[in-house]
J.: 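Can you keep this structure in mind? I'll have questions shortly.
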Number of protein chains: 2
Amino acid sequence: MSADSSLTFDPRQALEHAASLCERRGTRLTELRKRVLEIIWNSPTPLGAYAILDVLRDDGRQGAPPTVYRALDFLLEQGLIHRLASLNVFTGCRRPDSFHGGQFLICRDCGQVDELTNPTVEELLRAEAACRRFEVLSQMVEVLGRCPDCQRGAKARDR
Amino acid sequence: MSADSSLTFDPRQALEHAASLCERRGTRLTELRKRVLEIIWNSPTPLGAYAILDVLRDDGRQGAPPTVYRALDFLLEQGLIHRLASLNVFTGCRRPDSFHGGQFLICRDCGQVDELTNPTVEELLRAEAACRRFEVLSQMVEVLGRCPDCQRGAKARDR
DNA sequence: CCCGTTATGTTATAAAGTAACAATTGTTAT
DNA sequence: ATAACAATTGTTACTTTATAACATAACGGG
Ligand SMILES: [Zn+2]
Ligand SMILES: [Zn+2]
Ligand SMILES: [Zn+2]
Ligand SMILES: [Zn+2]
């Protein structure tokens with residue numbers, strides 16, 4: 001196990017990282033986009049677009065659905081967030097440097113999410129695609145289940 | 001490469017297979033549910049719930065969204081179809097005998113879908129989950145890209 | 001400063017999914 | 001048979017998620 005400086009875990013670090021990434025790329029992480037990213041990182045569980053919109057409105061900012069969806073589109077393009085299609089929610093990417101398909105463990109009960117980055121899975125899928133002459137554009141892996149905490153909770157209740 | 005009698009590719013076979021499966025399980029593949037499954041299998045590309053509803057109405061049958069969603073829920077429970085979360089569509093399962101997480105190659109351009117059943121991918125994900133003490137309930141792999149046909153089409157247009 | 005580009009504000013609407021209750025059909029036990 | 005119960009389907013109304021279309025504002029190079 002080696003430390004990996006590119007792994008982001010806390011909001012502040014993620015935002016700084018995102019800012020420098022966008023600068024390097026010549027893309028514009030505007031105030032709105034940065035704020036949406038911050039809202040996502042500040043949440044313990046992934047948020048839906050309308051939940052993000054609610055927070056923006058609490059900020060006092062005007063906004064309608066397109067405001068949020070456009071910011072989300074940008075962040076998705078930049079690989080700064082992932083979309084969990086099975087739940088219609090968005091979560092911050094912990095490895096925004098390298099574009100990659102998302103791999104997630106999603107807790108059915110508490111909604112918490114753990115991002116995997118298993119290169120073997122990605123390669124296996126690429127290989128499967130290649131032998132079918134299928135050109136891969138993006139990959140999405142979503143594993144639904146129960147996190148350790150929620151398993152304990154359920155067991156405790158069983159007694 | 002060995003032939004596998006449990007692989008279904010055409011609607012008629014899939015329906016027969018589904019009927020016998022449900023009979024063995026003591027679950028009821030009613031006319032409505034069977035018809036929804038047939039509609040899904042008859043379509044060259046996965047269908048959304050409302051597209052299925054349109055076909056039902058063409059049949060002359062009454063129906064509202066819940067009619068379709070309930071039938072879809074049943075078919076999902078029985079493992080007779082999969083839901084592609086990234087597109088909000090449903091597709092017939094080619095291996096309904098063994099419950100499994102879905103693994104799909106989805107063509108961005110024509111919408112056609114190829115179902116993979118790579119046990120190594122499933123095992124790898126289970127292993128990743130296990131070493132995080134995460135209890136797996138279901139898996140979903142969606143690879144978005146371009147099928148061979150659509151690659152050729154795009155190339156032809158490039159000339 | 002001017003002008004083209006990009007980003008955001010705004011209104012309205014489409015698409016996907018569900019809650020709640022009524023009516024019907026199927027099943028089981030007298 | 002028929003009453004009682006369970007499962008399925010019909011029906012109405014609604015919530016949530018996402019996008020289209022157009023107006024306004026901010027940015028950035030000459
Ligand atoms: Zn990521
Ligand atoms: Zn949990
Ligand atoms: Zn399947
Ligand atoms: Zn195609």
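Convention: sequence-line order gives letters A, B, ...; per-chain numbering from 1.
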J.: From CG of B:L87 over to P of C:dA16, roughly how many Å is that when rounded to an integer?
T.: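 Checked: the CG to P distance equals 10 Å.
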
J.: Do A:I106 and A:E142 make a side-chain contact, defined as non-hydrogen atoms from C-beta onward lying under 4.5 Å apart?
T.: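 Yes, side chains in contact.
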
J.: Side chains of A:N118 and A:Q103: any donor to acceptor distance under 3.5 Å?
T.: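 On atom types as modelled, these side chains do not qualify, holding no pair under 3.5 Å.
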
J.: Whole angstroms only, please: what is the CD-C1' distance between B:E77 and D:dT8?
T.: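 My rounded result for the distance is 13 Å.
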
J.: Using a strict heavy-atom distance below 4.0 Å, which residues from residues 27-52 of chain B are in contact with DNA chain C?
T.: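 Only B:R28, B:Y50 qualify.
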
J.: Name all pairs fulfilling the side-chain hydrogen bond (donor to acceptor under 3.5 Å, both in side chains) condition that reach into residues 61-82 of chain A, sequence neighbours left out, sorted by first residue then second.
T.: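 Qualifying pairs, neighbours excluded: A:R25-A:Q78, A:T27-A:Q78, A:H82-A:H100, A:H82-A:E115.
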
J.: DNA chain C: A:F74 or A:P65, which has the more 5' nearest nucleotide?
T.: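 Of the two residues, A:F74 wins.
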
J.: In whole angstrom, what separates A:L84's CG from D:dA18's P?
T.: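 It works out to 12 Å between those atoms.
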
J.: Around B:R57, counting heavy atoms of other residues, nucleotides and ligands shown, do more than 12 lie under 6.0 Å from its CZ?
T.: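 Enclosed.
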
J.: What's the closest nucleotide to the A:N88 side chain, out of D:dT17, D:dT12, D:dA20?
T.: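 Closest of the options to the side chain of A:N88: D:dT17.
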
J.: Just the rounded figure in Å: distance from P of D:dA7 to CG of B:D73.
T.: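 After rounding, the gap between these two atoms is 16 Å.
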
J.: Looking at A:Q139 and A:E122, would you say the former's side chain and the latter's main chain have a donor-acceptor pair under 3.5 Å?
T.: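 Checking the backbone N and O of A:E122 against the side chain of A:Q139, a donor-acceptor pair under 3.5 Å is found.
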
J.: Apply side-chain contact (heavy atoms from CB on, under 4.5 Å) to residues B:E31 and B:R35 and explain how you reach the verdict.
T.: CA-CA 6 Å; B:E31 278 311 305; B:R35 178 65 182 129; 6.0 Å; no

J.: Short question: side chain of A:R146, backbone of A:D109 - any donor-acceptor pair under 3.5 Å?
T.: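 Checked: no pair found.
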
J.: Without decimals, in angstroms, what is the distance between A:L72 CG and C:dA7 P?
T.: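 The distance from CG of A:L72 to P of C:dA7 comes to 15 Å, rounded to the nearest Å.
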
J.: Using a cut-off of 4.0 Å on non-hydrogen atoms, how would the nucleic acid contact of A:R83 be classed: base, sugar-phosphate, or nothing?
T.: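 Result for A:R83 = sugar-phosphate.
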
J.: Pick the nucleotide of DNA chain D nearest each of A:F90 and B:P66; which residue has the one closer to the 5' end?
T.: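 Upstream on the strand: B:P66.
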
J.: For the base of D:dG10, is there a side-chain donor-acceptor partner from B:R70 under 3.5 Å away?
T.: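 Such a pair is found, so the answer is yes.
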
J.: Calculate the interatomic distance between B:D59 atom CG and D:dG10 atom C1'; express it in whole Å.
T.: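 So the CG-C1' distance, B:D59 to D:dG10, works out to 16 Å.
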
J.: Would you say a side-chain N or O of B:Q62 is under 4.0 Å from OP1 or OP2 of D:dT11?
T.: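 Yes.
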
J.: In whole Å, I'd like the distance from the CG atom of B:L75 to the P atom of D:dT9.
T.: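 Between P of D:dT9 and CG of B:L75: 10 Å.
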
J.: Can you tell me the distance, in whole Å, between the OH atom of A:Y69 and the C1' atom of C:dA14?
T.: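 Checked: the OH to C1' distance equals 12 Å.
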
